[in-house]
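Here's the structure we're looking at; comments come further down.
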There are 2 protein chains.
Amino acid sequence: MRPRDVAALGWLWRENFLPALIWVKEAPAYRGEGGFMITPAEPFQRFANRILPANLSDTVYFRFQALARASRLAKAHSLDFAGAGQQIVFVVDGATKLVAHASESRDQIVAFQFAGEVFTVPGPDNYSYSVSALKDCDILAFDSAEFLRLASSEAGVLHHLLENTTLSLRRCREKTIALGRKTAGERIAVFLVGMAERIGVEQDGRLVLELPMSRRDISDSLGLTIETVSRQLSKLRDDGVIETVGRSGVILNALESLRDRAGFLREAA
Amino acid sequence: MRPRDVAALGWLWRENFLPALIWVKEAPAYRGEGGFMITPAEPFQRFANRILPANLSDTVYFRFQALARASRLAKAHSLDFAGAGQQIVFVVDGATKLVAHASESRDQIVAFQFAGEVFTVPGPDNYSYSVSALKDCDILAFDSAEFLRLASSEAGVLHHLLENTTLSLRRCREKTIALGRKTAGERIAVFLVGMAERIGVEQDGRLVLELPMSRRDISDSLGLTIETVSRQLSKLRDDGVIETVGRSGVILNALESLRDRAGFLREAA
DNA sequence: TTCCGAATTTGATCTGGGTCAATGCCCTTC
DNA sequence: GAAGGGCATTGACCCAGATCAAATTCGGAA
């Protein structure tokens, strides 16, 4: 049974969670194999390959699987964990944004995530957080408390999770630096360089980006307005540093120049 | 041998690291006891109480101890990990700031830390990071790679570290929200409320803060200038929300009003 | 207790990026 | 392939907070 077929189940699928189990039939048979076969067990499988150690016992493996709630998230739709506590989310496929709602009409995008990435969604606190799909997504979500209870004696799982969290923290700190001490032009350059590293594709020696997020998303991520984002991109275009293709395509002609404009620490410092 | 005595050793102590071991003589005898006795083993002891599981074997305990580099850091002095990789730092006593150097004269304070807190210092990347003492400090530092190698099969240690990292991430995200979408007045209110939670002391029903950081530190943390910080504090004083005592004392007369000004999500939303 | 230098506060002015307002252009849908 | 609607761009103007410049005050040292 493929996700596609499952979708046909109708209401079960929708916006809501659904145990990943229904995607899974012969999981153990596939587990641990290299290469991502498109199999019924694929979503949890991919998660397991990335986060669970290869030598995990079947019993524990299935317990984790039972905790996973899979959801198919159509573009622009969002998961709201209001009421629930901290979550651990895996992006099986697609791209998402983690949005903090500061107040009416003031959203801050805390981070973007792409296929294969794991991240933590804070429980509600001073702000409420939600995860939105930048394009159609497949997502696995775990209640963090339940997940950690199960993982509490699995050093391998904790280690992977720690590494992922530390990476998120580093990215968040870099964003802090950008928002606290950089000009609009520098922020845009930082953004483009960062996206180039994460989703850039090389074509004819030039880096090509297909940005899944809108100008509003970019501005909500960088603490700017859409107008400023647009103006800065136009400036880069006028300067020949980038070319734009339609609404989402960006070609980076001069990555070095972009790095200079990003205001990073000089290498030779 | 107390830290105080050790300091008398002179050059060994200074700004440099020094194996924590020299602080330690009868560590095993004290380990696991409740209550923080001031003992020779105190620094590593405190760290162990917070991060290492109580049932850790002595062998492993001592291996961790051998990795610890203790340092006494005088106010305004800083540890520079340039060259070294990611670090795990424990603030035994005092208060520190984690500073990212964006470029000449543009520093961003990424986080403040107080006694008893553990945090990660990123390895050099697009920016270089350093840890500075807001007041005289005792600090333990571990090379992160070495620490994790040793901890890789110690689920208890990893679990604590993960919790600490997740907390840092949550704080960093809240800072992101503040820097991306809040006005100067809101940022100051957020800062004061946050400090109240971490180092506030209740006196006669009012919260009293003794801020260890200067106006420059506050401005470098909030992405503002010292002048703006000063003006916003004056405004709060004029409005009767706070009183200031000398350069570092702040009395919060109306925590609720501060919360309102912080632009947090309305509870009743 | 006085004194000095640095930290802070306060004031005046300037500006990067926000806001408001059209206009233009993708891209979807029919 | 024409049309419509939202997204993006561009322009004019404004303002929160930066910058520049004193004046004031704190708190350590003598």
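Heavy atoms of A:G249 sit nowhere under 4.0 angstrom from any nucleic acid atom. If you check every strand for non-hydrogen atoms under 4.0 Å, B:L224 touches sugar and phosphate atoms only. Within the nucleic acid shown, A:S234 comes within 4.0 Å of sugar-phosphate atoms alone, with no base atom in reach, counting heavy atoms only.
Contact between the side-chain N/O atoms of B:T225 and the OP1/OP2 oxygens of D:dA18 is found at a separation under 4.0 Å. For the pair A:R215 and D:dT9, the criterion of a side-chain N or O lying under 4.0 Å from OP1 or OP2 is met. Note on B:T228: every side-chain N or O is 4.0 Å or more away from OP1 and OP2 of D:dG17.
Side-chain proximity of A:R247 to the nucleotides D:dG11, D:dC20, D:dA8 is greatest for D:dA8.
Under 4.0 Å is where a charged nitrogen must lie from a carboxylate oxygen, and between A:E117 and A:R198 at least one such pair does. We find that A:R106 and B:E186 are joined by a salt bridge, their nearest charged nitrogen and carboxylate oxygen being less than 4.0 Å apart. Of the charged side-chain nitrogens involved, none lies within less than 4.0 Å of a carboxylate oxygen, so that B:K75 and B:D136 do not count as a salt-bridged pair. Salt bridge B:D107/A:R181: absent, no basic N to carboxylate O contact under 4.0 Å. Using a cut-off of 4.0 Å between Lys/Arg side-chain N and Asp/Glu carboxylate O, A:E256 and A:R259 are scored as salt-bridged.
Per the geometry, CZ belonging to A:R181 stands 13 Å off C1' belonging to D:dT19, to the nearest Å. A:Q232 places its CD atom 15 Å from the C1' atom of D:dA8, with the value rounded to the nearest Å. Rounded to whole Å, the distance from CZ on A:R231 to C1' on D:dT9 is 9 Å. Rounded to a whole Å, the CD atom of B:E227 is 9 Å from the C1' atom of D:dC20. Going from atom CG of A:L236 over to atom C1' of D:dA8 covers 16 Å, rounded to whole Å. A straight line from CZ of A:R216 to C1' of D:dC7 spans 11 Å, rounded to a whole angstrom. With rounding to whole Å, B:I188 atom CD1 is found 17 Å from D:dA16 atom P. The NZ atom of A:K75 sits 15 Å away from the P atom of D:dG6 (whole-angstrom rounding).
Both B:V245 and A:G246 lie close to DNA chain D; mapped to their nearest nucleotides by heavy-atom distance, the more 5′-ward contact belongs to A:G246.
If you walk DNA chain C from 5' to 3' and mark each nucleotide with an atom closer than 4.0 Å to a heavy atom of chain A, the marks span C:dG17 to C:dC27.
A:R215 and A:S230 form no side-chain donor-acceptor contact under 3.5 Å, judged by distance and modelled atom types alone. Looking only at atom types and distance, the side chain of B:K97 has no donor-acceptor partner in the side chain of B:S221 under 3.5 Å away.
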